[in-house]
2 protein chains.
Amino acid sequence: MKPEFVAIARKSVLLATIPPDITAEILAHSTIKHFDRHQTIFIQGDNADFIYIVLSGWLKLFRIAPSGAEAVVTVLTKGHSFGEAAAFKGGSFPVSAEASTECELIRIPAKLYMDLMRKEPDLALSILAATFAHLHSLVIQVEQLKANTAAQRVAQFLCELCACETDKCDVILPFDKVLIAGRLGIKPESLSRAFSYLKKFGVKVEKNHATIESYIKLREFAGFD
Amino acid sequence: MKPEFVAIARKSVLLATIPPDITAEILAHSTIKHFDRHQTIFIQGDNADFIYIVLSGWLKLFRIAPSGAEAVVTVLTKGHSFGEAAAFKGGSFPVSAEASTECELIRIPAKLYMDLMRKEPDLALSILAATFAHLHSLVIQVEQLKANTAAQRVAQFLCELCACETDKCDVILPFDKVLIAGRLGIKPESLSRAFSYLKKFGVKVEKNHATIESYIKLREFAGFD
DNA sequence: TCCTTTTCTTAACATAAGTTAAGCGTCACT
DNA sequence: AGTGACGCTTAACTTATGTTAAGAAAAGGA
């Protein structure tokens, strides 16, 4: 396995806190998988036999309601892991996963991880840490869905992307607008409307590039403290 | 501690899979806490020093957005545990908790649980199982919020309550309508409207008692398979 | 280059849900 | 019995978001 991949994997929440010799053993039994855009990684109900770590690209976890409506649960990229919770339980995935861009993943056999866990309690703690991160992000998401308007959610999304120090800053939208809309629980048309509404607050969007004139003001509108 | 309380606690996801002598030790160091209706159990940001198991009554976990809007994240009752995730992480609670009815809780010192965890890896698995259950329920909730109308969410809620075998059945609404509305992410007025809309599908609601004429039909409308 | 396909935006319209306000029972207390 | 508080429902109105449709801009292939 390429050293750069190992480096990314080691930095993930899932492996970060465990000794190098154990990660080496895990990675030795894992494989790199490549997925094209729109390719299915797994679907809900599949046996959760693997745990994944994203090396590159973007993918989404989602559920399809019986009505056919798609609900995007999470969007993941480099360094994120997924499937730990389901794999741990030995059950099946509660969500489906699909590549949103071309992407590369490390696929870890769940059984291997579980076997090692008996010897190395730290592994359980790592899974816990990763699962909690997901849990927390879902709690936030539920709050955002219930307590904010679409435009506010868009503003929150922009604020999260914006890792800048200065008040004025630029962000690159990491995936296409259909996916952003799905992640925020709205239709692409509403996303467009939200963007043009946010012009008032100094947000300009052109292609996949957004300029934020005042991060402070945007945060305020977004309803963050 | 009363034997009936011990029995409830042992059946909770948090303690179900661990040996009796360990649960005994945990419970010996835990205390029973009593809360009146509307009493605060903790607020978001508090140090997560305790893990709780519900013995009786109903309580809600919620977040208050800066706008003042309340988002009910979960409603819990007998046998449910909460706080494990935050306590394990040693951080602070991401949500607030308030008693919705008079209720009794077991309060387990988080530190004790963590100390035992080092000796007994099964404890980590128990926490993981409990956390996974939360995770899964949040995934479902996100899907429901994003992909269903208010009336469908109400129907889903009724279907979940309805543990009957027969097609026609009655359910008792376990908590008041303001709280049900909050849990479903709608206003109480919309809940009323949803109930009267559901008359079409053979649902009659009077006070806290609902009659479902055809469970099958209701499920169909709810959009379950 | 041109043509097709995809992606995004905009507009007009429809609908679901929030808002405001009024009214009705029920309950507890006097 | 009277009063007030509370929980719930209903109605009229407003607003946000989905729907449908059309077209502009960008991307990609021939």
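We name chains A, B, ... by the order of the sequence lines, and we start the count at 1 in each one.
Rounding to whole angstrom units, CG of residue A:Leu198 and C1' of D:dA16 are separated by 15 Å. Look at CG on B:Leu145: it is 15 Å from C1' on D:dT17, rounded to the nearest Å. Rounded to whole angstrom, the span from the CZ atom of A:Phe195 across to the C1' atom of C:dA11 amounts to 19 Å. Atom NE2 in B:His209 sits about 19 Å away from atom C1' in D:dG7, given to the nearest Å. Regarding B:Tyr197, its OH atom lies at a distance of 14 Å from the C1' atom of C:dA17, rounded to whole Å.
The side chain of A:Arg193 lies closest to D:dT17, out of C:dT19, C:dT9, D:dT17. Closest to the side chain of B:Glu189, from the set C:dG18, C:dT20, C:dT9, is C:dT20. Distance from the side chain of A:Ser196 is smallest for C:dT10 among the nucleotides C:dT10, D:dA11, D:dT17. Comparing D:dT17, D:dT10, C:dG18 against the side chain of B:Lys187 picks out C:dG18 as the nearest.
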Give each protein N/O atom lying under 3.5 Å from an N/O atom of nucleotides 25-29 of chain D, with the pair distance.
none

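A ring-ring contact (aromatic ring centres under 6.0 Å, His included) with B:Phe42 is found for exactly one of B:Phe50, B:Phe93, B:Phe35, B:Phe62, namely B:Phe93.
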Requested in this report: Show your working on salt bridge (charged side-chain N to carboxylate O under 4.0 Å, His left out) between A:Glu70 and A:Lys60 and close with a plain yes or no.
Outcome: CA-CA 11 Å; A:Glu70 175 185 298; A:Lys60 64 177 175 184; 3.0 Å; yes
Report task. In sequence, state the C-alpha distance, the side-chain angles, and the governing distance for B:Lys146 and B:Gln141, and then conclude on side chain to side chain donor-acceptor pair (under 3.5 Å). Result -> CA-CA 8 Å; B:Lys146 285 184 176 171; B:Gln141 203 178 138; over 6 Å; no
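Side-chain atoms of B:Val72 and B:Leu61, non-hydrogen and from C-beta on, never get closer than 4.5 Å to each other.
In this model, the phosphate group of C:dA16 is not approached by any side-chain N or O of B:Thr149 to a distance below 4.0 Å at OP1 or OP2. OP1 or OP2 of C:dA17 has not a single side-chain nitrogen or oxygen of B:Ser190 nearer than 4.0 Å.
Taken from CG in A:Leu173 to CD in A:Glu206, the straight-line distance is 11.5 Å, to the nearest 0.5 Å.
DNA chain C is contacted by A:Asp176, A:Lys177, A:Val178 of residues 175-186 of chain A, taking any non-hydrogen atom closer than 4.0 Å.
Axis angle, first five pairs versus last five pairs of the helix from C:dT1-D:dA30 to C:dT30-D:dA1: 30°, rounded to 10°.
Contacts of A:Arg153 with the nucleic acid, taken as non-hydrogen atoms under 4.0 Å apart, are absent.
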Distance-only check: which donor-acceptor pairs under 3.5 Å involve side-chain atoms of residues 181-191 of chain B, not counting sequence neighbours?
residue: B:Ser190; atom: OG; partner: B:Arg193; partner atom: NH2; Å: 3.4

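Across all non-hydrogen atoms, the minimal contact from B:Lys168 to B:Thr166 is O-OG1, 2.7 Å. Closest approach of A:Ala86 to A:Pro94, counting heavy atoms only: CB-CD, 4.0 Å.
Side-chain atoms of B:Glu98 and B:Gln39 form no donor-acceptor pair, as typed in the model, at a separation below 3.5 Å. For the residue pair B:Ser92 and B:Asn47, no side-chain donor N or O sits within less than 3.5 Å of a side-chain acceptor on the partner.
A search for side chain to side chain contact (heavy atoms under 4.5 Å, CB included) contacts involving B:Ala194 returns B:Ala151, B:Val154, not counting sequence neighbours. Applying the ring-ring contact (aromatic ring centres under 6.0 Å, His included) test to B:Phe175 and every residue at least two apart in sequence or in another chain returns B:Trp58.
Along DNA chain D, the nucleotide nearest A:Asn148 and the nucleotide nearest B:Leu191 are compared for position; the residue whose nucleotide lies closer to the 5' end is B:Leu191.
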